[in-house]
There are 2 protein chains.
Amino acid sequence: MYRSVWKGTVAPSGIFLYRAVRISGVTAKTRGRPRGFDADAALDRAIEVFWEHGYEGASLADLTDAMGINRPSMYAAYGNKEELFRRAVARYAEYDMAYAREALAEPTAYATVEKFLKANADALTQPGRPAGCLSIQGGLAGGSDNGQVAQFLAASRLAGEQQLAERLARAVDEGDLPAGTDPADLARYVMTVSEGNAVHAAAGADRARLYATVEIALRALPRT
Amino acid sequence: MYRSVWKGTVAPSGIFLYRAVRISGVTAKTRGRPRGFDADAALDRAIEVFWEHGYEGASLADLTDAMGINRPSMYAAYGNKEELFRRAVARYAEYDMAYAREALAEPTAYATVEKFLKANADALTQPGRPAGCLSIQGGLAGGSDNGQVAQFLAASRLAGEQQLAERLARAVDEGDLPAGTDPADLARYVMTVSEGNAVHAAAGADRARLYATVEIALRALPRT
DNA sequence: TCCCTTCCATACCGAACGGTACATAATTTT
DNA sequence: AAAATTATGTACCGTTCGGTATGGAAGGGA
């Protein structure tokens, strides 16, 4: 699908789409030497580097070392550092934040929020993984050069907030939440607690402390 | 007091203390050419650069341009980039976060938390200043080189949390909060909301939205 | 087997980074 | 007025940054 567009050396922004057909696991017929590494596995290692050091703080040397590949391989497979980051964030959202989608499937608004915040607290304090959340540690400030990155992360977080708002709106319709409850406000509050917990986790707060915060936060939810 | 220790060219870490006697506004007798700029005013400009771009994202060129001085003057006055940042954060905590100390003087725990969160929301969305909070935007991730910076900021935030916890402990003693309320947990919750609001503000949330979050957050406070 | 295509490894690029040497300007002290 | 001391301006240092040119290695198609 993407293949026919590009041939040979391509413009920087095109490389990503060009390669995407194989990166995403679709084993189309290939010519030439096959790639010597698993692009998704390498992306998982890149996720951890960005997660721990942020976008700016993660150098290409850090990244390629962790990914076990060299620089040209990274550029061929992902395009450039920013594209690598975007793909890392997308994969992080799909796998490491799967609990968020699961929470939406809970039968009540309260159960949804409770499961989301507790699973979030778990994810923020997983042993063997960086503390905190890639979506926040990745980069808050930006401005001069990497403002795009901060905006991308903000949009990514906002998308999750809106999904939660839709779930809560349904709860209001169903009478599960009191009429007059603003789902957007409530969703924003929940995400605010989640993001604050991420800041605390990055600073070293342990899981028990995050749970204690969640318990208090849940008291703010409106009950029918 | 500090002066007699150092003479002429000094070790990097010593410069800060050496100059501190005049930076802090104490006009001791000086020899040699007087400084051509106001060190505190320059620090205020540095605060905004760090606030907007973070520690890593703020280059020396950005900083000295904003401060209106050249590089050697910066090094002579503050020591190095990290010391400049620490002094910026200290000044930020003293002036830009004065509302936090004022909130502690409110007569009740509820009023303290309400004032703190609302004044915080105001500070996060001041027109003409960077959105968000230096204590968080300054740098969350760290790790390789600037791990010290992230730790310093975390310690700074924790100090505020502990002051709030002390105020809430007093409220429990006074019967203003229900017996059995854990002041540390409650203080952490309040700071969590504040930090989450900072993340939202950095992403562009306006003041009204932060206020709506605060209104919901206040519902979690225990009432006697 | 030969060719074509693609990947990998090394070595490099210009630019930007934090930090500094050095000469000169502006003061106070003697 | 001369000496001593400190700040400023310029120009530079070595390192690291993101990104790339190039040649050889490794596979598929004919």
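Proteins get letters first, then strands, A, B, ... in listed order; numbering begins at 1 in each. Just so it is clear, the model here is predicted, and its values are computed rather than measured.
- In this structure, B:Arg33 places its CZ atom 7 Å from P of D:dG9, rounding to the nearest Å.
- In the set C:dC7, D:dG27, D:dG9, the nucleotide with an atom closest to the side chain of B:Asn70 is D:dG9.
- For the pair A:Arg35 CZ and D:dG28 C1', the interatomic distance rounds to 16 Å; values are reported in whole Å.
- The side chain of B:Ser73 contributes no N or O atom lying less than 4.0 Å from OP1 or OP2 of D:dA7.
- Of the two residues contacting DNA chain C, namely B:Gly32 and B:Arg71, the nearest-nucleotide position lying further toward the 5' end is that of B:Arg71.
- Under a 4.0 Å N-O distance rule, the pair B:Arg86/B:Glu82 qualifies as a salt bridge.
- Among the nucleotides C:dG19, D:dT6, D:dA25, the one closest to the side chain of B:Arg31 is D:dT6.
- Atom CG of B:Leu84 is separated from atom C1' of C:dG18 by 12 Å (rounded to the nearest Å).
- Regarding A:Tyr75, its OH atom lies at a distance of 12 Å from the P atom of D:dC17, rounded to whole Å.
- Whole-Å rounding puts the A:Asn80 CG to D:dG19 P distance at 5 Å.
- In this structure, A:Gln137 contributes its side chain and A:Cys133 its backbone to a donor-acceptor pair below 3.5 Å.
- Taking atom CZ of B:Phe85 as the reference point, atom P of C:dC17 lies 17 Å away to the nearest angstrom.
- One interatomic measurement links the two molecules: OH of B:Tyr78 to C1' of C:dT20, which rounds to 19 Å at whole-angstrom precision.
- Distances were taken from every side-chain heavy atom of A:Pro72 (C-beta onward) to each of C:dC17, D:dT20, D:dG19; the shortest belongs to D:dT20.
- Between the CG atom of B:Leu63 and the P atom of C:dC17 there is a distance of 10 Å, given to the nearest Å.
- Relative orientation of the B:Phe116 and B:Tyr99 rings is tilted, given thresholds of 30° and 60° on the angle between their planes.
- The 5' end of DNA chain D is approached more closely, in terms of each residue's nearest nucleotide, by B:Phe37 than by the other of A:Met74 and B:Phe37.
- The aromatic rings of B:Phe85 and B:Tyr55 sit perpendicular to each other, their planes meeting at more than 60°, with 30° as the lower class boundary.
- With hydrogens and angles disregarded, a donor-acceptor distance shorter than 3.5 Å links the side chain of A:Arg157 to the backbone of A:Ser135.
- Of the listed nucleotides (D:dG19, D:dT6, C:dG19), D:dG19 has the atom at the smallest distance from the side chain of A:Lys81.
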